[in-house]
2 protein chains.
Amino acid sequence: MATSGTPRRRSREDVAEMALQLLDEYGLPDLTMRNLATALGVQPSALYWHFPNKQALLAAVSARILAPLAELPIEDLGALGVHEAVRVLGARLRDCLLTYRDASELVSSSLSLGLVGSPVRPQLLEVARRHGVPDALSEVAAEVLVHFTVGYVFHEQQRRTADSLGLLDAPDSLNPEDAVAATSDGDSFAKALTMIADGLDVSVTRNAEPRA
Amino acid sequence: MATSGTPRRRSREDVAEMALQLLDEYGLPDLTMRNLATALGVQPSALYWHFPNKQALLAAVSARILAPLAELPIEDLGALGVHEAVRVLGARLRDCLLTYRDASELVSSSLSLGLVGSPVRPQLLEVARRHGVPDALSEVAAEVLVHFTVGYVFHEQQRRTADSLGLLDAPDSLNPEDAVAATSDGDSFAKALTMIADGLDVSVTRNAEPRA
DNA sequence: ACCTGAACACCGTTCAAGT
DNA sequence: ACCTGAACACCGTTCAAGT
């Protein structure tokens with residue numbers, strides 16, 4: 001891994017990086033193969049040499065978005081209890097998603113399609129193992145954590161761009177009181193993480209008896 | 001509200017109903033305005049008399065999918081504790097989403113866009129109020145519950161249609177062990193609901209001191 | 001190995017005009 | 001009130017052919 005200096009290995013990563021910039025600047029609906037090709041000074045068909053289809057491209061972009069979390073060394077969480085690990089991982093995931101426009105929508109779909117791995121699962125499992133928590137429990141906690149966080153930030157980001165477009169739609173259909181539900185600040189997010197962590201704590205103390 | 005018998009009030013609901021059938025039979029990607037118009041024996045442009053755009057149409061379809069939950073009388077949950085209410089509402093929501101193909105993806109987007117209200121919020125708030133739980137807590141619980149459930153079933157349905165297409169993609173990027181994470185049966189879903197309910201219980205007993 | 005050029009089979013949406 | 005006809009401005013993807 002030290003022999004190759006810079007063997008003209010352009011492209012695949014460059015394409016994903018440019019896609020990420022386009023995403024952040026113009027949003028997911030405008031992240032088209034044609035716009036991306038134009039930004040790269042290339043024909044649309046050229047992109048299909050690097051990626052088999054658009055979804056694979058988007059998966060690569062998702063991986064870039066989640067990279068700070070994937071690269072986070074497990075040792076940085078070593079000192080934490082399981083409860084705190086849940087909260088920290090959730091907050092970090094939210095940070096990653098809030099870094100780029102429409103990131104949560106993109107990641108949500110890549111995640112559901114199984115084209116990208118869970119961004120918190122490996123770390124949470126490792127920390128939990130060190131505290132003697134059975135994997136079955138931390139698997140479930142990881143799933144609750146990632147689904148809630150992505151869904152929450154999805155909502156957060158959609159309202160953000162909707163507001164910036166001046167689109168305030170009157171909720172006509174079912175619940176006229178859901179303007180109240182739109183109180184989605186970072187504070188209620190933190191509360192939710194605590195609730196999830198509490199739920200895991202209870203599961204742990206129920207399933208594994210203490211060493212007394 | 002009792003004067004009008006059947007004043008030739010066709011259409012808007014019929015369009016949404018047909019859209020729901022197309023969704024279930026051919027999936028979300030094939031639910032196009034053109035296919036829908038053809039199925040109705042009408043020109044595509046005719047749809048724009050009933051709905052301002054496609055997203056509004058999809059919101060109406062989402063409302064139909066969630067109708068069994070919205071129409072669920074609060075009295076049916078009256079006997080339950082808050083803990084059980086969380087689990088029942090989550091399970092019912094999952095049932096609604098599993099009834100139609102790609103329903104979770106559709107509802108996820110309508111929900112994020114704020115075009116449809118939370119399907120569990122009113123009921124959970126009401127039950128929680130009767131047990132003296134502060135609204136702030138049940139709001140958070142409702143949000144965790146709906147985001148997790150929709151996200152979970154999204155994943156569930158995506159893998160379902162992916163399998164039916166014979167698309168088993170090798171997870172190349174980050175975590176080669178996430179084939180293990182794909183163990184998404186209804187059992188782990190139930191475990192997750194319990195964990196969420198536990199988290200709410202802890203919050204309740206922490207914030208509101210017992211009547212002793 | 002990497003890209004062009006041109007085409008194929010589609011999209012959502014608008015809008016004058018019909019009845 | 002409800003729909004047609006025709007157009008506008010796009011999509012993702014394929015594939016022979018170039019270098």
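Bear in mind the structure is a predicted one, so any value in this text is a computation, not a measurement. Proteins come first, then strands; the chains are lettered A, B, ... in the order of their sequence lines, and each starts at number 1.
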Are B:Glu71 and B:Arg92 within salt-bridge range, i.e. N to O under 4.0 Å? no
What interatomic distance, in whole Å, is found between P of C:dC10 and the corresponding atom of D:dA9? 22 Å
Can you say whether the rings of B:Tyr152 and A:His147 are parallel (under 30°), tilted (30 to 60°) or perpendicular (over 60°)? perpendicular
Do [X] and [Y] come close enough that some side-chain heavy atom pair is under 4.5 Å?
{"X": "A:Phe51", "Y": "A:Val15", "result": "yes"}
{"X": "B:Glu143", "Y": "B:Glu139", "result": "no"}
{"X": "A:Ile65", "Y": "A:Leu23", "result": "yes"}
{"X": "B:Gln21", "Y": "B:Tyr100", "result": "no"}

When you measure from the side chain of A:Thr32, which nucleotide among D:dT13, D:dC11, C:dC3 comes out closest? D:dC11
Please determine, for the side chain of A:Trp49, which listed nucleotide (D:dT13, C:dT4, C:dC2) has the closest atom? C:dC2
Starting at the 5' end of DNA chain D, write a dot or bracket for each base, bracketing those in Watson-Crick or G-U wobble pairs whose two distances are under 3.5 Å and using | for partners on another strand. ||.|||||...|||||.||
Side-chain N or O of [X] closer than 4.0 Å to phosphate OP1/OP2 of [N]:
{"X": "B:Ser45", "N": "D:dT4", "value": "no"}
{"X": "A:His50", "N": "C:dC3", "value": "yes"}
{"X": "A:Asn35", "N": "D:dC11", "value": "yes"}

Let me know, please, whether A:Asp30 or A:Pro52 comes out on the 5' side of the other along DNA chain D by nearest nucleotide. A:Asp30
